[in-house]
Visitor: 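Okay, here's the structure, questions in a sec.
For this chain, numbers begin at 1 and follow the sequence in order.
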Amino acid sequence: MNAYNNKQPLLSVEGLGVSYGALKALEGVSFSVNKGEVLGIIGPNGAGKSTCYNATTHMVSRSGKVWIGDQDVTDIPAHKLAALGLRRAFQQNMFFADFTILENMLAVLQRSHGSPLYETILRPYFAWRKACSAREKAREALLRMGIPSIYHDVYPSQIPYGTQRTLSIALANADGADILLLDEPAAGLGGEDMQALIRLIESLRDEGMALVVIEHHMDLIMSVADKIVVLDQGRMIASGTPDKIRNMPEVVEAYLGRAA
């Protein structure tokens, strides 16, 4: 992981705004998340939560500023942010259906642990050793994220849905993110799968990762978040600890009350 000043937030955004013509999908959103902290982002459907993620990761045109540590990354394109430690998992499961679980992880680790073609041809033994090392790194990454070895050599369609959700998060994390954005990771989960997700989020936080979690499952977000931002109609209407947010009348009206 990259080294950051412990007093410096790992991720900061200031004044994020997204407009589609006259429609303001996001306006004036600011937040920060520190090392070893979980920030929850909640709000009713259409509040701008996923737009906020897209704006943070430069997947849409937006106004405002974004920092990773003390580095201004506002103008850095989305595909270069992962190398700086900022990664995200999407609402839908994202993996290669025709690859085994282990091959999926090998694919995302290719940039850091793979061999170029010339090396494979000119230095085959070295490339073979490197491939063996990459497979071991891939297995370690899967185990670290709670995907047992019995699933490593099967295809995603052959594993339980809850493990598919975990796989999507594992592939986003790859060999270790500093900041991980999760978009509704609990979608479709319940029971033991939900508890496993909670344990995973808590373990990543305890390792020092900064996590930003969009979620509709209020029990989950209230149990894992250190602080929460509430969006409604593209604007921040509240921020604070779970206990503070739970008891704010404007939040109950905008989100919790509607969900009841």
Visitor: Any chain of hydrophobic side-chain contacts (each under 4.5 Å) joining I159 to I150?
Guide: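 Yes.
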Visitor: If you link ILVMFWY side chains whenever their heavy atoms are less than 4.5 Å apart, which other residues fall into the same cluster as L143? By chain and number, please.
Guide: none
Visitor: Treating Y53 as the side-chain partner and V213 as the backbone partner, does any N or O pair qualify as donor plus acceptor under 3.5 Å?
Guide: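 Pair found, side chain donor or acceptor close to backbone of V213.
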Visitor: Check which hydrophobic residues are tied to F96 through side-chain heavy-atom contacts below 4.5 Å, counting indirect links as well, and list them.
Guide: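 When side chains under 4.5 Å apart are linked, the cluster holding F96 also contains F99.
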Visitor: In terms of hydrophobic clustering (I, L, V, M, F, W, Y; side-chain heavy atoms under 4.5 Å; direct or indirect links), are L86 and W67 co-clustered?
Guide: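 Per the 4.5 Å side-chain linkage, L86 and W67 are not co-clustered.
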Visitor: Of all the heavy-atom pairs spanning A55 and L26, show the shortest one and how long it is.
Guide: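 Looks like CB-CD2, 4.2 Å.
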Visitor: Could you point out which residue of V38, L10, V33 forms a side chain to side chain contact (heavy atoms under 4.5 Å, CB included) with L211?
Guide: V38
Visitor: Same cluster or not: I214 versus F90, using hydrophobic residues (I, L, V, M, F, W, Y) connected whenever any side-chain heavy atoms lie under 4.5 Å apart?
Guide: no
Visitor: Should the pair E14-K65 be classified as a salt bridge under the 4.0 Å nitrogen-to-oxygen rule?
Guide: no
Visitor: Is there side-chain contact between L181 and T56, with heavy atoms separated by less than 4.5 Å?
Guide: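 Heavy-atom side-chain distance check passes, below 4.5 Å.
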Visitor: With a 4.0 Å cut-off, would you call K49 and D232 a salt bridge?
Guide: no
Visitor: Less than 4.5 Å apart, any side-chain heavy atom of I42 and any of I245?
Guide: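 Yes - at least one pair of side-chain heavy atoms lies under 4.5 Å apart.
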Visitor: Using a 3.5 Å distance criterion without hydrogens, assess whether the side chain of D193 forms a donor-acceptor pair with backbone atoms of L189.
Guide: no
Visitor: Could E140 and R135 be called an ion pair, given the rule that one side-chain N must be under 4.0 Å from one carboxylate O?
Guide: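 No, this pair does not count.
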Visitor: Any donor and acceptor pair, going by atom type alone, linking the side chain of H152 with main-chain N or O of I147 inside 3.5 Å?
Guide: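 Between the backbone of I147 and the side chain of H152 there is a qualifying donor-acceptor contact (under 3.5 Å).
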Visitor: Strictly distance-based, threshold 3.5 Å: is any side-chain N or O of K35 a donor or acceptor partner for the main-chain N or O of D178?
Guide: no
Visitor: Quick one: does I179's side chain get under 4.5 Å of M209's, heavy atoms only?
Guide: no
Visitor: Are the charged groups of D175 and R87 less than 4.0 angstrom apart, N to O?
Guide: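 Answer for the salt bridge query: yes.
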Visitor: Please name the pair of heavy atoms, one in P9 and one in S12, separated by the smallest distance, quoted to 0.1 Å.
Guide: CB-OG, 3.5 Å
Visitor: Could you report the tightest heavy-atom contact between M236 and S30, atom names first, then the distance?
Guide: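 Closest approach of M236 to S30, heavy atoms only: SD-O, 3.0 Å.
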Visitor: Could you pull out all residues at least two apart from D243 that satisfy salt bridge (charged side-chain N to carboxylate O under 4.0 Å, His left out)?
Guide: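 By the salt bridge (charged side-chain N to carboxylate O under 4.0 Å, His left out) rule, D243 matches R246.
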Visitor: Could you tell me whether E37 and R205 make a salt bridge, using a distance below 4.0 angstrom between a side-chain N and a carboxylate O?
Guide: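 Answer for the salt bridge query: no.
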Visitor: Does the side chain of L231 reach to within under 4.5 Å of the side chain of C52, using non-hydrogen atoms?
Guide: yes
Visitor: Could you tell me whether the side chain of R144 reaches within less than 4.5 Å of the side chain of L204, counting heavy atoms only?
Guide: yes
Visitor: Please walk me through it: do K80 and D75 pass salt bridge (charged side-chain N to carboxylate O under 4.0 Å, His left out)?
Guide: CA-CA 10 Å; K80 293 187 176 181; D75 297 324; over 6 Å; no
Visitor: Can you find a heavy atom in the side chain of N34 that is under 4.5 Å from one in the side chain of D226?
Guide: no
Visitor: Do side-chain atoms of T74 reach the backbone of V66 as a donor and acceptor pair under 3.5 angstrom?
Guide: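 Between the backbone of V66 and the side chain of T74 there is a qualifying donor-acceptor contact (under 3.5 Å).
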Visitor: Considering non-hydrogen atoms only, spot the tightest contact between A174 and V108 and give its length.
Guide: CB-CG2, 4.2 Å
Visitor: When you compare the side chain of L142 with that of L167, does any pair of heavy atoms fall below 4.5 Å?
Guide: yes
Visitor: So, the side chain of S223 versus the backbone of L220: is there a donor-acceptor pair under 3.5 Å, distance only?
Guide: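 Indeed, once roles are kept as given, a pair shorter than 3.5 Å links the two residues.
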Visitor: Kindly work out whether a path of hydrophobic side-chain contacts (I/L/V/M/F/W/Y, heavy atoms less than 4.5 Å apart) joins F95 to Y155.
Guide: no
Visitor: Between H58 (side chain only) and N54 (backbone N and O only), is there a donor and an acceptor less than 3.5 Å apart?
Guide: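 Checking the backbone N and O of N54 against the side chain of H58, no donor-acceptor pair under 3.5 Å is found.
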Visitor: Would the distance check show the side chain of E202 and the main-chain N or O of V224 forming a donor-acceptor pair, the cut-off being under 3.5 Å?
Guide: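 Not confirmed, E202 side chain does not pair with V224 backbone.
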Visitor: With a 4.5 Å limit on heavy-atom distance, are the side chains of I169 and M145 in contact?
Guide: yes
Visitor: Quick one: does any side-chain atom of E215 pair with a main-chain N or O of G40 as donor and acceptor, under 3.5 Å?
Guide: no
